[in-house]
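Written out below as structure tokens is the structure these notes cover.
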Amino acid sequence: ADQVLFYNQNAWQTSWLELSAQRHEWRPVGDVTQPSADGRVIVPGTAVMFKSASDTAASYVVTGHVRTGAFVRPLDQTHNLLALPWPVDTTPQQLKFDATQGFTSGKNSSVADQIQLYNGDETANAITYAIYWLRQSGTTGIWSPKADASAPDVSATLRLPAHRGFFLKIMPRSGESVWKMPALQP
């Protein structure tokens with residue numbers, strides 16, 4: 001069956017599509033006593049992964065409203081599976097992912113916040129991630145690819161595609177962590 005995977009506090013929560021004479025609904029995996037997941041609300045800024053039961057390529061249509069104002073999305077003190085707030089490719093710089101907005105920059109990738117892009121979205125059967133880290137530089141920090149020893153600044157050039165979710169791994173910090181999404185700049 002097709003599956004939708006939500007990521008919450010370092011654990012996957014999976015729902016599967018049950019199609020039968022009695023039911024046509026999304027069901028949580030693992031406990032048949034749980035109610036339907038049809039009414040689950042996907043919080044703005046949250047991504048999901050979709051796993052198709054078919055090997056055949058398929059297209060899909062996403063509908064909804066486009067936010068034009070700024071808003072704040074709470075973050076877990078670990079990995080967060082996020083979606084862009086707008087249906088356009090966007091850079092970390094445009095998203096205000098920098099040290100002045102509460103993100104953690106560091107002298108190496110193990111002590112800095114990271115953006116992780118799943119390579120399986122671009123390459124069939126890939127199970128790795130392209131990792132970018134917020135390197136300490138100036139007041140804002142700069143995003144650099146972990147795999148590139150020269151650590152170039154990709155803050156304004158790394159395009160986060162509108163149709164893909166991404167992981168934001170944040171370093172544990174005291175107090176609440178949030179992503180302050182800026183207002184749309186047309």
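Index from 1, following the sequence.
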So, taking the atom named CG in L95 and the one named OG1 in T90, what distance separates them when rounded to the nearest 0.5 Å? 5.5 Å

Could you tell me whether a side-chain N or O of D148 sits under 3.5 Å from a main-chain N or O of K146, the two making a donor and an acceptor? no

Exam field: side chain S144 to backbone P152, donor-acceptor pair closer than 3.5 Å: yes

Hydrophobic clustering (ILVMFWY, side-chain heavy atoms < 4.5 Å, transitive) - are I42 and F166 grouped together? no

Name the orientation class of the two ring planes belonging to F167 and H79 (parallel below 30°, tilted from 30 to 60°, perpendicular beyond 60°). perpendicular

If we ignore hydrogens and angles and just use 3.5 Å, is the side chain of D2 paired with the main-chain N or O of S52 as donor and acceptor? no

Go through the structure and list residues passing side-chain hydrogen bond (donor to acceptor under 3.5 Å, both in side chains) with Q94, not counting sequence neighbours. T91

Is there a side-chain contact (heavy atoms from CB on, under 4.5 Å) between T123 and T128? Walk through the geometry before answering. CA-CA 10 Å; T123 306; T128 58; over 6 Å; no

Between Y118 and Y129, how do the two ring planes meet: parallel, tilted or perpendicular, split at 30° and 60°? tilted

Where is the tightest heavy-atom contact between L134 and G141, given as atom of each residue plus distance? CD1-C, 3.7 Å

F103 CZ to L168 CG distance, which is reported to the nearest 0.5 Å: 5.5 Å

Quick one: do V48 and F50 end up in the same hydrophobic cluster if we chain Ile, Leu, Val, Met, Phe, Trp and Tyr together by side-chain heavy atoms under 4.5 Å apart? yes

If hydrophobic clusters are built by linking Ile, Leu, Val, Met, Phe, Trp and Tyr wherever their side-chain heavy atoms come under 4.5 Å apart, do W133 and W179 end up in the same one? no

Using the rule given for side-chain contact (heavy atoms from CB on, under 4.5 Å), can you reason through M181 versus R73, listing the C-alpha separation, both sets of side-chain angles and the distance that settles it, and then say yes or no? CA-CA 7 Å; M181 293 186 206; R73 181 180 181 303; 4.0 Å; yes

Verify whether one side chain among T104 and R173 offers a donor that lies under 3.5 Å from an acceptor in the other. yes

Honestly curious: do M49 and L160 fall in one hydrophobic cluster under the side-chain, below-4.5 Å linking rule? no

For the CG atom of N10 and the OG1 atom of T78, what is their distance to the nearest 0.5 Å? 3.5 Å

May I ask you to decide if the ring planes of Y7 and W12 are parallel, tilted or perpendicular, using 30° and 60° as cut-offs? perpendicular

If you compare all heavy atoms of T14 against all heavy atoms of Q3, which two are closest, and at what distance to 0.1 Å? CG2-OE1, 3.6 Å

Please determine whether side-chain contact (heavy atoms from CB on, under 4.5 Å) holds for the pair R27 and S36, giving the CA-CA distance in whole Å, both sets of side-chain angles, and the decisive distance to 0.1 Å. CA-CA 5 Å; R27 305 289 304 163; S36 165; 4.0 Å; yes

Heavy-atom pair with the smallest gap, counting every atom of W26 and D38: N-OD1, 2.7 Å

hydrophobic_cluster_shared for L75 and F6, side chain cutoff 4.5 Å: no

Using only atom types and a distance under 3.5 Å, with no angle test, would you say the side chain of W143 pairs donor to acceptor with the backbone of F97? yes

Hey, could you give me the CG/CG distance between D76 and L81, rounded to the nearest 0.5 Å? 11.0 Å

Do you know which two heavy atoms are closest between Q101 and K180, and how far apart they sit? OE1-CD, 4.2 Å

Please name the pair of heavy atoms, one in P28 and one in S15, separated by the smallest distance, quoted to 0.1 Å. CA-OG, 4.0 Å

Does L19, at its CG atom, have more than 12 non-hydrogen atoms belonging to other residues, nucleotides or ligands within less than 6.0 Å? yes

Q93 side, atom CD; D98 side, atom CG - distance, nearest 0.5 Å: 8.5 Å

For A1 versus L17, what's the shortest heavy-atom pair and its separation? CB-O, 3.4 Å

CG on D113 to NZ on K169, rounded to 0.5 Å: 9.5 Å

Main-chain N/O of L82 paired with N80 side-chain donor or acceptor, under 3.5 Å: no

Contact between P92 and I115 at the side-chain level, heavy atoms closer than 4.5 Å - yes or no? yes

